[in-house]
Colleague: 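Please read through the structure below; I'll follow up with questions.
It should be emphasised that the depicted structure is a prediction, and the values quoted were computed from it without experimental measurement.
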Amino acid sequence: MHDLSRHTAVITGASSGIGAAVARAFAAGGAKLVLAARRQDRLEALARELEGEGGELMIRPTDVTSEDDVVGLFAAAEAFSPVTLLVANAGVVSHMPTADCTMAHWNEVIGVNLTAAFLCGREAFRAMKPRGRGRIINIGSLSAQMPRENTIAYTASKYGLEGITRSLALDGRAHGITASIIHPGSTITELMGEQTNTRPPSDKTMEATHVANLIAMMAAVPDEVNLLTATMLPIAQPYLGRG
């Protein structure tokens, strides 16, 4: 368990998967939480669980592709408690042959995985800058380093997220704001499909709690220190030695 009691954390995509696991890890570390996702019923269920364990939190149904929703999320979060930490986790997985990739599909994936991270990062930056302190953690993917076949939109979004992270880290340097990104490998979540989500982990998959624990460690380091990037993958995932 990492001490996160100094943080008020906004977590997007918090209703399931890695986002929910991060919420549990952060609550265990004493952070105040602002949980955002589209599915209010899932947020309410998670809130009941965490409040039952003594967590201090609020929920905010949010479409992270909507600028108005994201601005409203951070306004509500600031009214709850000054935001010191953002985990931009909301995302979609896309598998589609390049020749079949439509503009609608491209725009959907880029909107959720990249534009939403920009909007959340910008609003977090605006909230943190006057206080001279803050941390932003983006959830990337191994696809930002080694693409899979038929994932052109997803791969582009995750490569772009790496760029957003580095720009935030550079622009935040003078204001005490850090930004970092974690690239998880194959993780058991709903994004991988129902069959994968219900099967036990193997040496080719990880549990969401494994990823959440590393994110909690990244959040717990002193404010003047930053773990810029981390890659976490199952030991048997075909990544090293490809080709």
Colleague: If only atom types and distance count, is the side chain of H183 paired as donor or acceptor with the main-chain N or O of T231 below 3.5 Å?
Modeller: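 No, H183 side chain to T231 backbone: no donor-acceptor pair under 3.5 Å.
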Colleague: If we ignore hydrogens and angles and just use 3.5 Å, is the side chain of S141 paired with the main-chain N or O of A144 as donor and acceptor?
Modeller: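 Looks like no, no N/O pair under 3.5 Å.
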Colleague: For a quick check under 3.5 Å, do E149 and H95 share a side-chain donor-acceptor pair by atom type?
Modeller: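 E149 vs H95: no donor-acceptor pair found between side chains.
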Colleague: Below 4.5 Å, heavy atoms only, C-beta onward: do T98 and C101 meet side chain to side chain?
Modeller: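 Not touching, per the 4.5 Å side-chain cut-off.
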Colleague: Verify the neighbour count for atom CZ of R6: are there more than 12 heavy atoms of other residues, nucleotides or ligands below 6.0 Å?
Modeller: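 It does: R6 CZ has more than 12 such atoms within range.
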Colleague: Are R24 and E53 within salt-bridge range, i.e. N to O under 4.0 Å?
Modeller: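 Between E53 and R24 there is no salt bridge, as every charged N stays at least 4.0 Å from the carboxylate O atoms.
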Colleague: Side chain of T62, backbone of R60: donor and acceptor closer than 3.5 Å?
Modeller: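 Between the backbone of R60 and the side chain of T62 there is a qualifying donor-acceptor contact (under 3.5 Å).
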Colleague: Where is the tightest heavy-atom contact between A216 and F26, given as atom of each residue plus distance?
Modeller: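 Distance-wise, the nearest heavy atoms are CA-CE1, 3.6 Å.
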Colleague: Hey, mind stepping through E44 and R39 against salt bridge (Lys or Arg N to Asp or Glu O under 4.0 Å) and telling me if it holds?
Modeller: CA-CA 9 Å; E44 290 174 346; R39 295 177 291 186; over 6 Å; no
Colleague: Test T65 against D63 for side-chain hydrogen bond (donor to acceptor under 3.5 Å, both in side chains), laying out the working first.
Modeller: CA-CA 5 Å; T65 66; D63 176 357; 2.6 Å; yes
Colleague: Taking the side chain from D100 and the backbone from M96, do they hold a donor-acceptor pair closer than 3.5 Å?
Modeller: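 Not confirmed, D100 side chain does not pair with M96 backbone.
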Colleague: Which pairs would a plain distance check flag for residues 168-178, meaning a side-chain donor or acceptor within less than 3.5 Å of a matching protein atom at least two apart in sequence or in another chain?
Modeller:
{"residue": "T178", "atom": "OG1", "partner": "R135", "partner atom": "NH1", "Å": "3.2"}

Colleague: Using the rule given for side chain to side chain contact (heavy atoms under 4.5 Å, CB included), can you reason through M206 versus S186, listing the C-alpha separation, both sets of side-chain angles and the distance that settles it, and then say yes or no?
Modeller: CA-CA 6 Å; M206 301 183 294; S186 181; over 6 Å; no
Colleague: Decide if atom CD1 of I110 counts as having more than 12 heavy atoms of other residues, nucleotides or ligands within a radius under 6.0 Å.
Modeller: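 Counting other residues, nucleotides and ligands, CD1 of I110 exceeds 12 neighbours.
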Colleague: Indicate yes or no: does E78 engage R126 in a salt bridge with an N to O separation below 4.0 Å.
Modeller: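 Here E78 does not pair with R126 in a salt bridge, since their nearest N and O are not under 4.0 Å apart.
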Colleague: In terms of side-chain geometry, is the basic nitrogen of E162 or R166 positioned less than 4.0 Å from the acidic oxygen of its partner?
Modeller: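 Judged by the 4.0 Å cut-off on N to carboxylate O distance, E162 and R166 do form a salt bridge.
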Colleague: With no hydrogens and no angle check, is any side-chain donor or acceptor of K32 less than 3.5 Å from a backbone partner on P82?
Modeller: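 No; judged by distance alone, with no hydrogens or angles, the pair does not exist.
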Colleague: Could you report the tightest heavy-atom contact between V64 and V70, atom names first, then the distance?
Modeller: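 Heavy atoms only, the tightest pair is O-CG2, 3.5 Å.
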Colleague: With side chains defined as the heavy atoms from C-beta onward, is the minimum distance between M128 and R133 less than 4.5 Å?
Modeller: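 Counting from C-beta outward, M128 and R133 never come under 4.5 Å.
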Colleague: Check whether any side-chain N or O of T151 sits under 3.5 Å from a backbone N or O of R148 as a donor-acceptor pair, and report yes or no.
Modeller: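 Looks like yes, one N/O pair under 3.5 Å.
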Colleague: Between N89 and G13, is there a donor-acceptor pair closer than 3.5 Å when you use the side chain of the first and the backbone of the second?
Modeller: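 Side chain of N89 to backbone of G13: a pair is present.
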Colleague: Do you see a donor-acceptor pair shorter than 3.5 Å between the side chains of H7 and T84?
Modeller: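 The criterion, which ignores hydrogens and geometry beyond distance, is satisfied for T84 and H7.
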Colleague: Between S157 and Y154 (side chain of the first, backbone of the second, donor and acceptor by atom type, cut-off under 3.5 Å), is there such a pair?
Modeller: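 Yes; at least one donor-acceptor contact below 3.5 Å.
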Colleague: Looking only at heavy atoms, which two atoms of I181 and G140 are closest? And how far apart?
Modeller: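 Minimum heavy-atom separation between I181 and G140: CG1-N, 3.8 Å.
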Colleague: Between E207 (side chain) and I188 (backbone), is there a donor-acceptor pair under 3.5 Å?
Modeller: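 No, E207 side chain to I188 backbone: no donor-acceptor pair under 3.5 Å.
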Colleague: Answer yes if the side chains of S5 and D3 hold a donor-acceptor pair under 3.5 Å, and no otherwise.
Modeller: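 The criterion, which ignores hydrogens and geometry beyond distance, is satisfied for D3 and S5.
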Colleague: Would you find a donor on one side and an acceptor on the other, under 3.5 Å apart, between the side chain of T12 and the backbone of A90?
Modeller: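 Yes: the side chain of T12 pairs with the backbone of A90.
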